[in-house]
There are 2 protein chains.
Amino acid sequence: MSPKRAPGSDGAASAMPGGVWLRAPRPPSAGGGAAQPALDRERIVAASVALLDERGTAGLTMRKLAEALGVHATSLYWHVAHRDDLLDLALDAVFGEVTLPARAAGDWRADVTAFMDGLRTALLRHPWSGALAGSRPLLGPNALARSEFVYAALVGAGFRGDDLSAAAGAIANYVIGTVSAEAAWRHGDARDETAGRRALLARLNGSAEAHPTLAAHPPSLRTDWEGHYVRGRDFLLAGLAGSRAGD
Amino acid sequence: MSPKRAPGSDGAASAMPGGVWLRAPRPPSAGGGAAQPALDRERIVAASVALLDERGTAGLTMRKLAEALGVHATSLYWHVAHRDDLLDLALDAVFGEVTLPARAAGDWRADVTAFMDGLRTALLRHPWSGALAGSRPLLGPNALARSEFVYAALVGAGFRGDDLSAAAGAIANYVIGTVSAEAAWRHGDARDETAGRRALLARLNGSAEAHPTLAAHPPSLRTDWEGHYVRGRDFLLAGLAGSRAGD
DNA sequence: ACCTGAACACCGTTCAAGT
DNA sequence: ACCTGAACACCGTTCAAGT
């Protein structure tokens, strides 16, 4: 036995994305009269989010995070098992920023719309988070609480079984996908986006015969991300509503 | 002037994801009687895809790739500007595997379905590719050719302007999102997925009062990924079809 | 034109040691 | 229980030099 690291090691799930949530949590520290530890998960997560906001996913390194916290890099390994854990933890903190109506409206479309819009807003506030949300299981407590809300709305609408999970998956994937695409284009900087669009348009014009439809319906230089999001969201909701029409 | 690196440097777009496609391509080598170069983009891309398939995104390093190609790591920088370029290039190679009907069926739903299913198959064949596709602009020649096909189908259905780009975006995002989620859960290994599901179920049961709906409609241990994909796809297509019904 | 080799400034993670 | 410090085995990228 004699665990080397407090968070425990299940072996299998250790290196898996989303793995933090699948390991046994550390028992709370004894407390009593003991000295306040310099570090805890809460502080580590807050500093991680701040660093991610500033420097992006690649900019979150154990050394820079430790420096921001005033400790040695290796000290972090007492509190988390790998750098990957920081990403899962920070991502769930972003899900915690998704505000939901205190009580469901009873109108499932309104509830689902509120969730989708709230999620989009939170993910856009932290441009690194969309890509992360798309690439790992969303199992943190905050993510699960948001799932609970969506599932409740969909069950109220009559979705069950595989229809239910397919609908919930489509809803989350749509928001995450559009936010990721938007963040990828923006890349932090709106000037980059315009430059990219311009280069793309030049290429489309240069090979119009290969892409006649794209050349005839070119993307605008200044994408209306929100407008596109709303349209696609309503396409999806209409499709979901149609599938319940027979009930 | 005197460029240090053949692919050129536009400055702005250099470090941007998708940036390879926005820089001027290298002029073809003079040829003539000169000796065959040891490296070219085609070989580099093929080796990158193979390495990504074997070791995942983090496993693609300049040194390992160079070793596989029998050259020094720094030699690669003659042919690409950064490691990031390899990801864009490899991803577009995956898009090249998406087979489409030679001619559009004329039925836009059939055409879009063929594209979506083809894209899903190709992305799943290379488990690293879904997350990548979700996190960078898709501007390679193969991706653009697939876009052309989808746009043509949607224009045929009557979509125009922002409806057109929103529809095309929703379609691509849906496929990419579901594949990314599936790959994230699988994490290469089906045993991991079952273990993860089991841990999740245990947590849901442990806090059923916090998540009554999730506890009442738990995820199955063995997810029917394809079935969920098909259902969500048809929800989306139904919504898109409904929006054209008035025409 | 294309590749090498040495070098720089980083990484994540481990482990024994301190308190 | 929690943090330090040294150490290991890596990274991407630059740049002068070779051919």
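Keep in mind the model is a prediction, meaning the values are calculated, not measured. We name chains A, B, ... by the order of the sequence lines, and we start the count at 1 in each one.
Distance OH (B:Tyr77) to P (C:dG5): 17 Å, rounded to an integer number of Å. With rounding to whole Å, B:Trp78 atom CH2 is found 14 Å from C:dT4 atom P. One atom, CG of A:Asp84, and another, C1' of C:dT13, lie 13 Å apart when rounded to the nearest Å. Summarising the geometry, the separation between CZ on A:Arg43 and P on D:dC3 is reported as 9 Å, rounded to the nearest angstrom.
Residue A:Pro37 places its side chain closer to D:dC2 than to any other of D:dC2, C:dT13, C:dC3.
In this structure the side chain of B:Leu132 never reaches within 4.5 angstrom of the side chain of B:Val94, judged on heavy atoms. Contact annotation: the side chain of B:Met116 approaches that of B:Tyr229 to within less than 4.5 Å [non-hydrogen atoms, C-beta and beyond]. Put simply, the side chain of B:Glu148 reaches to within 4.5 Å of the side chain of A:Pro212, judged on heavy atoms.
Figure legend: A:Arg197 and A:Trp185 shown as a cation-pi pair, the cationic atom lying under 6.0 angstrom from the six-membered ring centre and within 45 degrees of its axis.
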Which nucleotides of DNA chain D pair, in dot-bracket form (Watson-Crick or G-U under 3.5 Å, | meaning another strand): ||.|||||...|||||.||

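The structure places OG1 of A:Thr74 at 9.0 Å from OH of A:Tyr77, a figure rounded to the nearest 0.5 Å.
Defined by atom type and a distance below 3.5 Å, a donor-acceptor pair is present between the side-chain atoms of B:His228 and A:Ser165. Donor-acceptor pairing under 3.5 Å is lacking for the side chains of B:Thr178 and B:Arg120.
Using a 4.0 Å cut-off, no side-chain N or O of B:His79 falls inside it from OP1 or OP2 of C:dA1.
Residue pairs satisfying the salt bridge (Lys or Arg N to Asp or Glu O under 4.0 Å) criterion with at least one member in residues 44-62 of chain A, sequence neighbours excluded, are absent.
A heavy-atom distance below 4.0 Å to DNA chain C is reached by these residues of residues 47-76 of chain A, ordered by number: A:Leu60, A:Thr61, A:Met62, A:Arg63, A:Lys64, A:Thr74.
Mapping A:Leu39 and B:Arg83 onto DNA chain D by nearest heavy atom places A:Leu39 closer to the 5' end of the strand.
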